[in-house]
**Q** 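Quick one: this structure, given as structure tokens, is what I'll be asking you about.
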Amino acid sequence: MQVTLPDGSELELEDGATGADAARAIGEGLARAALAVRQDGQVRDLSAPLVDGAPLEIVTAKSPDALELIRHDAAHVLATAVTELYPGTKVSIGPPIDDGFYYDFEFPEGATVGEGDFERIEAGMREHIKADERFERTDIPATEALKRFLEEDQPYKVELIEDLIRDQGVETVSLYRNGPFVDLCRGPHGPSTKRIKAFKLTSVAGAYWRGDEKRQMLTRIYGTAFLSQEDLEEHLERLEQARARDHRKLGRELGLFMFSELSPGSPFWQPAGMPIWNELTGLWRDENERRGYKEVRTPILYDVELWKQSGHWDKYRDHMYFTDVEERAMGLKPMNCPAHIQIYKEERRSYRDLPIRYSEAGLVHRHEPSGVLHGLLRVRHITQDDAHIFCTEEQVEEEVIACLDFGFFLYEIFGFDPRLELSTRPPVRIGTDEMWDAAEEALEAALRHRGLEYELNEGDGAFYGPKIDLHMTDSIGRPWQLGTVQLDYSMPDRFGLEYTGADNAEHRPVMIHRALLGSFERFIGILIEHYAGEFPLWLAPVQAVVLPIADRHLEYAGRVRDELAAAGLRVELDERTESVGKKIRDAEVRKVPHMLVVGDREQEAGRVSLRRHREGDVGAVEVSELAKDLAAEVAERRAPSAQKDLS
RNA sequence: GCCGGAGUAGCUCAACCGGUAGAGCAGCCGCCUUGUAAGCGGCAGGCUAGGGGUUCGAGUCCCCUCUCCGGCUCCA
């Protein structure tokens, strides 16, 4: 047989040769370094026979495939140690993931495993790695595997095999053995356990079997593995740095917002946080106006009759807050759409009025399950940058495109690059199939005509319509949804919305629900992490602080402060009788972008010594010029020239 | 909501096997009048999340509740 190597050369091998044979034929060093092979885009075991005539690539520690391979190996080693330490443990699945691996177990009755047990488990894993146990693959008939796992009382493996047989008509399955542990596994694996050069267990968590909350909760152990100790340490270092930009930590340190046990999931905005809020809502307001939206403001509490009519009562009740003062049942709004519908219905509408675009920084309350609350990123008190567009069917595509463009305009300001998802009809929904067909088609057309890439998320739409969502990730890579553009043919129907057409007949408008930042709470949370608390000037809570050196400079310092304030800047004067070093340190810790030191020299020259956050001393500048420059930078809402590295 | 973990001064963290709750920073008072990341000294600060229990004695052990953290499910 013959295979082609990456450099184009041909390698002649005996029939039935394996990856290991090929590596050896090329060189002893490579044979030692080889972890697996890649052929036809697939990674395979070194021990697997090669495909005749196909290009061959030897996977070594340098290959992009290597990490995934050894992490998968590590997951098996984890299961090996765990089943030894906790006899009777039932194993389920253990895949590699983005930055590590996990394995889900059902521990024997009464046993709980926490992070305190990691040391023992890791010690067990190290034993197996030291023993350099080979990963041996055997292909056996599915029925035989079924029998084996039934005998071993491994119900999760049994279920997996049963499903493989039933859904995919699988006849043979592969088992992998390393030391005493045998697992049902598709592979591939590295040659032996010793190739896992560095690993660490990171956390333990509950996870539903097959992600189904109605099924058994298993114990998931997370870990990570690398090809060298240095890589592992670097990874842990990165995690450490990511934690430093956690918005909850920065929010507390910078005095931006807080939470109280007395109102879980509801942020309290502290003085330093308000400028961010106000600047952001200001930007939102300016742009809405420029794009033809009319701002409205609506109540938060409504008769439950409204929620019954909108369908929220049926589909969303569990997430709503209710109250019945004086025997009248009322509910806090979880969405703004029914409120905007009331305004639409207040007058007769003509086709000449459409599209009508209502925007509102709408305060909604959603009873999010207690376990999911997460700083500003998942709250119960949500201020959406909401808007509802009432338009004709012909106008839908154009309006959707305008929404997306609006979104990209906003994200551009912050240097965000969101990911798009198109979500289609969910199993539980209102409206007819014809409505859903039209709505899904319209959204797809808008995406297609703008040439935008998106992921398809079938069955994930809102209960009243399909949607396009815009996603971002936080400092440690967790994805969060920001904006959403949702199409709705149902709500206008339920509320009997109409407009008079050119034909003098009544027609039904289409509604577009649209939030671009998502919610101001979440967006600010993402911003804090994105900027690591070092906001661009227009968002900085305090834009400049004047630092007099001694008491005799207080008066001049006050004049400097006033001049900058007159230019519209948020500026403070540090009047404390502290050393300059101390005042500078405090301003640096607060991440104030500009520090203006004034002493005898500056006072005499009518200047300030400018120090920039993280940059240090810049030198003396004219006060009037500085005021002008800073005001201009604020007016442009200029993004920072480049994202600075955290060090 | 589910699984696991945690909750000690405003913040960050100590407190051995159950034996008088302690430090740094922040705060307050004084001194220092200060030149680019912490000047010096003193004082004050606690129902150890809340409630119940075991014990001569509980921050520490047990039970319940609340909140937070990491996941899962769900979600802007």
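Keep in mind the model is a prediction, meaning the values are calculated, not measured. We name chains A, B, ... by the order of the sequence lines, and we start the count at 1 in each one.
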**Q** Take atom CZ of A:Arg522 and atom P of B:C74, then tell me their distance rounded to the nearest Å.
**A**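 My rounded result for the distance is 15 Å.
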**Q** Is any side-chain N or O of A:Tyr208 under 3.5 Å from a base N or O of B:G71, one able to act as donor and the other as acceptor?
**A**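 By the distance-only test, no, there is no pair.
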**Q** Quick one: are the ring centres of A:Tyr316 and A:His319 less than 6.0 Å apart?
**A**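 Yes; A:His319 has its ring centre under 6.0 Å from that of A:Tyr316.
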**Q** Could you list all N or O pairs between the protein and nucleotides 38-46 of chain B that sit under 3.5 Å apart?
**A**
unit_1	atom_1	unit_2	atom_2	d
B:A38	N7	A:Arg585	NH1	3.4
B:A38	N6	A:Arg585	NH2	2.8
B:A38	N1	A:Arg585	NH2	3.2
B:G39	OP2	A:Ser579	OG	2.7

**Q** Can we say A:Glu421 and A:Arg419 salt-bridge, meaning some charged N sits less than 4.0 Å from an Asp/Glu carboxylate O?
**A**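 A salt bridge is present here (some side-chain N lies under 4.0 Å from a carboxylate O).
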**Q** Between B:G35 and A:Glu602, counting only base atoms on the nucleotide and side-chain atoms on the residue, is there a donor-acceptor pair under 3.5 Å?
**A**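 In this structure, the two groups form a donor-acceptor pair.
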**Q** Rounded to whole angstrom units, what separation is found between the CH2 atom of A:Trp209 and the P atom of B:G71?
**A**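 The distance from CH2 of A:Trp209 to P of B:G71 comes to 22 Å, rounded to the nearest Å.
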**Q** Say you pick atom P in B:G22 and the same atom in B:G45; how far apart are they, in whole Å?
**A**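 Nearest-Å result for B:G22 against B:G45 at atom P: 13 Å.
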**Q** Could you label the plane-to-plane angle of the A:His365 and A:Tyr321 rings as parallel, tilted or perpendicular, counting under 30° as parallel and over 60° as perpendicular?
**A**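 Perpendicular, since the angle between the ring planes exceeds 60°.
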**Q** Over all strands shown, is A:Lys249 touching base, sugar-phosphate only, or nothing at heavy-atom distances under 4.0 angstrom?
**A**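 Touches nothing.
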**Q** Judged by each residue's nearest nucleotide on RNA chain B, which is more toward the 5′ side, A:His319 or A:Val589?
**A**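 Nearest nucleotide further toward 5': that of A:Val589.
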**Q** Would you say the base of B:U67 and the side-chain of A:Ser260 have a donor-acceptor pair closer than 3.5 Å?
**A**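 No pair found.
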**Q** Determine whether the side chains of A:Tyr156 and A:Glu106 contain a donor N or O and an acceptor N or O closer than 3.5 Å.
**A**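 The criterion, which ignores hydrogens and geometry beyond distance, is satisfied for A:Glu106 and A:Tyr156.
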**Q** NA contact type, A:Phe259, heavy-atom cut-off 4.0 Å: base, sugar-phosphate, or nothing?
**A**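 It contacts nothing in the nucleic acid.
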**Q** With sugar-phosphate meaning primed atoms plus P, OP1 and OP2, does A:Gly211 contact a base, only sugar-phosphate, or nothing at under 4.0 Å between heavy atoms?
**A**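 Sugar-phosphate only.
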**Q** With respect to the phosphate group of B:U34, does any side-chain polar atom (N or O) of A:Arg552 fall under 4.0 Å of OP1 or OP2?
**A**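 Checking B:U34 against A:Arg552, a side-chain N or O does come within under 4.0 Å of OP1 or OP2.
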**Q** Does A:Arg378 make a side-chain donor-acceptor contact with the base of B:C74, cut-off 3.5 Å?
**A**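 Yes, the side chain and the base share a sub-3.5 Å donor-acceptor pair.
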**Q** Looking only at atom C1', what distance separates B:C66 and B:G50, rounded to whole Å?
**A**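 The answer is 7 Å between these two C1' atoms.
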**Q** Describe, in one word, how the ring planes of A:Trp307 and A:Tyr302 are oriented to each other, choosing from parallel (under 30°), tilted (30 to 60°) and perpendicular (over 60°).
**A**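 Because their plane-to-plane angle is over 60°, the rings of A:Trp307 and A:Tyr302 count as perpendicular.
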**Q** Under a cut-off of 3.5 Å for both distances of each Watson-Crick or G-U pair, what dot-bracket string does RNA chain B give, using [ ] for crossing pairs and | for inter-strand pairs?
**A** (((((((..((((.....[..)))).(((((.......))))).....(((((..]....))))))))))))....
**Q** For B:G70, take OP1 and OP2 only and decide whether either is under 4.0 Å from a side-chain N or O of A:Arg248.
**A**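 Indeed, a polar side-chain atom of A:Arg248 lies that close.
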**Q** A:Trp284 vs A:Phe520 aromatic rings, parallel, tilted or perpendicular, using cut-offs 30° and 60°?
**A**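 Judged by the thresholds at 30° and 60°, the geometry between A:Trp284 and A:Phe520 is perpendicular.
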**Q** Between B:U65 and B:C28, how far is it from one P atom to the other, in whole Å?
**A**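 About 42 Å, rounded to a whole number of Å.
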**Q** Using atom NE2 of A:His374 as one end and atom C1' of B:A76 as the other, report the distance to the nearest whole Å.
**A**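 Atom NE2 in A:His374 sits about 14 Å away from atom C1' in B:A76.
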**Q** Between A:Tyr464 and A:His312, how do the two ring planes meet: parallel, tilted or perpendicular, split at 30° and 60°?
**A**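 Judged by the thresholds at 30° and 60°, the geometry between A:Tyr464 and A:His312 is tilted.
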**Q** Less than 4.0 angstrom from a charged side-chain N to a carboxylate O is my criterion; do A:Arg576 and A:Asp574 meet it?
**A**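 Yes, charged N to carboxylate O under 4.0 Å.
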**Q** Side-chain donor or acceptor of A:Arg611 under 3.5 Å from a matching atom on the base of B:A37?
**A**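 It does, because a donor-acceptor pair links the side chain of A:Arg611 to the base of B:A37 below 3.5 Å.
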**Q** Which value, in whole Å, describes the distance between the P atoms of nucleotides B:A26 and B:C11?
**A**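 Between the two P atoms, the distance is 15 Å.
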**Q** Determine the sole option in A:Leu452, A:Leu456, A:Asp469 for which the side chain to side chain contact (heavy atoms under 4.5 Å, CB included) test with A:Leu422 is passed.
**A**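 Answer after filtering A:Leu452, A:Leu456, A:Asp469: A:Leu456.
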**Q** The side chain of A:Ser203 is closest to which nucleotide in this list: B:G70, B:A37, B:U73?
**A**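 Of B:G70, B:A37, B:U73, B:G70 is nearest to the side chain of A:Ser203.
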**Q** Let me know the distance between CD1 of A:Ile526 and P of B:A76, rounded to the nearest Å.
**A**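 That distance rounds to 14 Å.
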**Q** Please give, in whole Å, the distance from B:C75 P to A:Gln486 CD?
**A**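 Result: 11 Å.
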**Q** What's A:Val379 touching, base or sugar-phosphate or nothing? Going by heavy atoms closer than 4.0 Å.
**A**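 Base contact - A:Val379 has a heavy atom under 4.0 Å of at least one base atom.
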**Q** Collect all protein-nucleotide pairs involving nucleotides 4-15 of chain B in which both atoms are nitrogen or oxygen and the distance is under 3.5 Å.
**A**
unit_1	atom_1	unit_2	atom_2	d
B:U12	OP1	A:Arg252	NH2	3.1

**Q** Using atom C1' of each nucleotide, how far apart are B:A6 and B:C13 to the nearest Å?
**A**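 B:A6 and B:C13 have their C1' atoms separated by 14 Å.
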**Q** Report the nucleotide, chosen from B:G1, B:U34, B:A76, that has the shortest atom-to-atom distance to any side-chain atom of A:Ala550.
**A**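 The listed nucleotide nearest to A:Ala550's side chain is B:U34.
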**Q** Heavy atoms only, 4.0 Å cut-off, all strands: where does A:Ser609 land among base, sugar-phosphate and nothing?
**A**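 Answer is base: heavy atoms of A:Ser609 come under 4.0 Å of a base.
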**Q** Base, sugar-phosphate, or nothing: which does A:Ile382 touch, judged by heavy atoms less than 4.0 Å apart?
**A**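 Base contact - A:Ile382 has a heavy atom under 4.0 Å of at least one base atom.
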**Q** With a 6.0 Å cut-off on the ring centroids, do A:Phe416 and A:His530 count as close?
**A**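 Judged by ring-centre distance (under 6.0 Å), A:Phe416 and A:His530 do meet the cut-off.
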**Q** Report the nucleotide, chosen from B:U67, B:G35, B:C74, that has the shortest atom-to-atom distance to any side-chain atom of A:Val372.
**A**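 For the A:Val372 side chain, the nearest candidate turns out to be B:C74.
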**Q** Can you tell me how far C1' in B:C69 sits from the matching atom in B:U33, rounded to whole Å?
**A**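 Those two atoms are separated by 46 Å.
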**Q** Roughly how many Å is it from CZ in A:Arg220 to C1' in B:C72, rounded to a whole number?
**A**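 The distance from CZ of A:Arg220 to C1' of B:C72 comes to 7 Å, rounded to the nearest Å.
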**Q** Could you state the atom-to-atom distance from NZ of A:Lys200 to P of B:G70 in whole Å?
**A**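 Rounding to the nearest Å, NZ of A:Lys200 and P of B:G70 are 16 Å apart.
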**Q** When all nucleic acid strands are considered with a 4.0 Å heavy-atom cut-off, which category describes A:Leu373: base, sugar-phosphate, or nothing?
**A**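 Here A:Leu373 touches the backbone only, sparing every base.
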**Q** Could you work out the separation of B:G57 and B:U73 based on their C1' atoms and round it to a whole Å?
**A**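 Looking at atom C1' only, B:G57 and B:U73 are 46 Å apart.
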**Q** Roughly how many Å apart are B:C63 and B:G5, using the P atom of each and rounding to a whole number?
**A**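 Result for the P pair: 11 Å, nearest Å.
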**Q** Can you name the one residue among A:Thr484, A:Asn336, A:Thr298 that meets side-chain hydrogen bond (donor to acceptor under 3.5 Å, both in side chains) with A:Asp386?
**A**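 Result for side-chain hydrogen bond (donor to acceptor under 3.5 Å, both in side chains) with A:Asp386: A:Asn336.
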**Q** Counting only side-chain heavy atoms from C-beta out, which of B:U36, B:C75, B:C3 sits nearest to A:Met217?
**A**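 Closest nucleotide to the A:Met217 side chain: B:C3.
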**Q** Rounded to whole angstroms, how far apart are CG on A:Leu363 and C1' on B:A76?
**A**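 These atoms are roughly 13 Å apart.
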**Q** Measuring centre to centre across the rings, with the benzene-like ring taken for any Trp, is A:Phe101 within less than 6.0 Å of A:His72?
**A**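 Between A:His72 and A:Phe101, which both carry aromatic rings, the centre distance is not below 6.0 Å.
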**Q** Let's go through A:His594 and A:His613 carefully: what are the C-alpha distance in whole Å and the side-chain angles of both, what is the deciding distance for ring pair (Phe, Tyr, Trp, His ring centres under 6.0 Å) to 0.1 Å, and is it a yes or a no?
**A** CA-CA 6 Å; A:His594 299 96; A:His613 177 61; 10.0 Å; no
**Q** Measure from the ring center of A:Phe406 to the ring center of A:Phe408 and say whether it is less than 6.0 Å.
**A**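 No, they do not, as the ring centres are separated by 6.0 Å or more.
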**Q** Do A:Arg611 and A:Asp617 sit within salt-bridge range, that is, some charged N less than 4.0 Å from a carboxylate O?
**A**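 Salt bridge flag = no for A:Asp617 with A:Arg611.
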**Q** Does B:C11 fall in syn (glycosidic angle within 90° of 0) or anti?
**A**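 B:C11: anti glycosidic orientation.
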